[in-house]
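Below is one structure, written out as structure tokens; comments come after it.
All figures in this text were calculated on a predicted structure; none of them were measured in a lab.
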Amino acid sequence: VEAWLDPACQNLSLNSNSVEKKIPLVHVRHVGYSSGKDAISQQVRVDLEDGRFCTFLFSSSREGQRQASFFLRCMKVLSEAARFEVAKQELLRITSFDNIAEMHNEEAKLSPEQHGS
């Protein structure tokens, strides 16, 4: 399995056996360790908002545990950053709309002499 982020760090792409899936990080709802049926792997589960999930397996060795921990923390940070960016853009959109409406209301209050007529 190959995995990579797009340049904007908004999507995680996965490729396995020439099948590619793109996961928008804004859709990640939870990232955590998942208990496996065996002790030979460390598992990190990524839950999406639509109920789907993806489980990433790492070796149970010390190095595998380190990699799983690093991956888990990165996914948490990246998914939180993606959600923050969407919220920021929405706030900017709302604020811009409010400013336009406010400016329109101020213009409507001006008398014809002040308005330039």
Do you know which two heavy atoms are closest between [X] and [Y], and how far apart they sit?
{"X": "Glu49", "Y": "Val26", "answer": "OE1-O, 4.3 Å"}
{"X": "Val31", "Y": "Lys76", "answer": "O-CE, 3.0 Å"}
{"X": "Gln10", "Y": "Asp6", "answer": "N-OD1, 2.7 Å"}
{"X": "Met75", "Y": "Leu25", "answer": "CE-CD2, 3.7 Å"}
{"X": "Phe58", "Y": "Ala68", "answer": "CD1-CB, 3.6 Å"}
{"X": "Asn15", "Y": "Ser18", "answer": "OD1-N, 3.3 Å"}

Rounded to the nearest 0.5 Å, how far does [atom2] of [Y] lie from [atom1] of [X]?
{"X": "Ser59", "Y": "Gln67", "atom1": "OG", "atom2": "CD", "value": "8.0 Å"}
{"X": "Asp50", "Y": "His27", "atom1": "CG", "atom2": "NE2", "value": "8.0 Å"}
{"X": "Ser13", "Y": "Asn11", "atom1": "OG", "atom2": "CG", "value": "6.5 Å"}
{"X": "Leu12", "Y": "Cys74", "atom1": "CG", "atom2": "SG", "value": "11.0 Å"}

Would you say [X]'s side chain and [Y]'s backbone share a donor-acceptor pair under 3.5 angstrom?
{"X": "Ser41", "Y": "Gln43", "result": "no"}
{"X": "Arg93", "Y": "Lys88", "result": "no"}
{"X": "Ser69", "Y": "Gln65", "result": "no"}

Over 12 non-hydrogen atoms of neighbours within 6.0 angstrom of CZ in Arg29:
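Yes, CZ of Arg29 has more than 12 neighbouring heavy atoms, counting only those of other groups under 6.0 Å.
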
Same hydrophobic cluster for Leu5 and Val44, using side-chain heavy-atom links shorter than 4.5 Å among ILVMFWY?
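Yes, it is one cluster - the side chains of Leu5 and Val44 are joined through contacts under 4.5 Å.
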
Do Leu48 and Leu72 belong to the same hydrophobic cluster, where Ile, Leu, Val, Met, Phe, Trp and Tyr are linked whenever their side-chain heavy atoms lie under 4.5 Å apart, directly or via other members?
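Same cluster.
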
Quickly, which of Phe56, Tyr33, Phe71 forms a side chain to side chain contact (heavy atoms under 4.5 Å, CB included) with Gln42? Name it, please.
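Only one option passes, and that is Tyr33.
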
Heavy-atom check, side chain of Cys54 versus side chain of Arg45, under 4.5 Å
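No; the side chains remain at least 4.5 Å from each other.
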
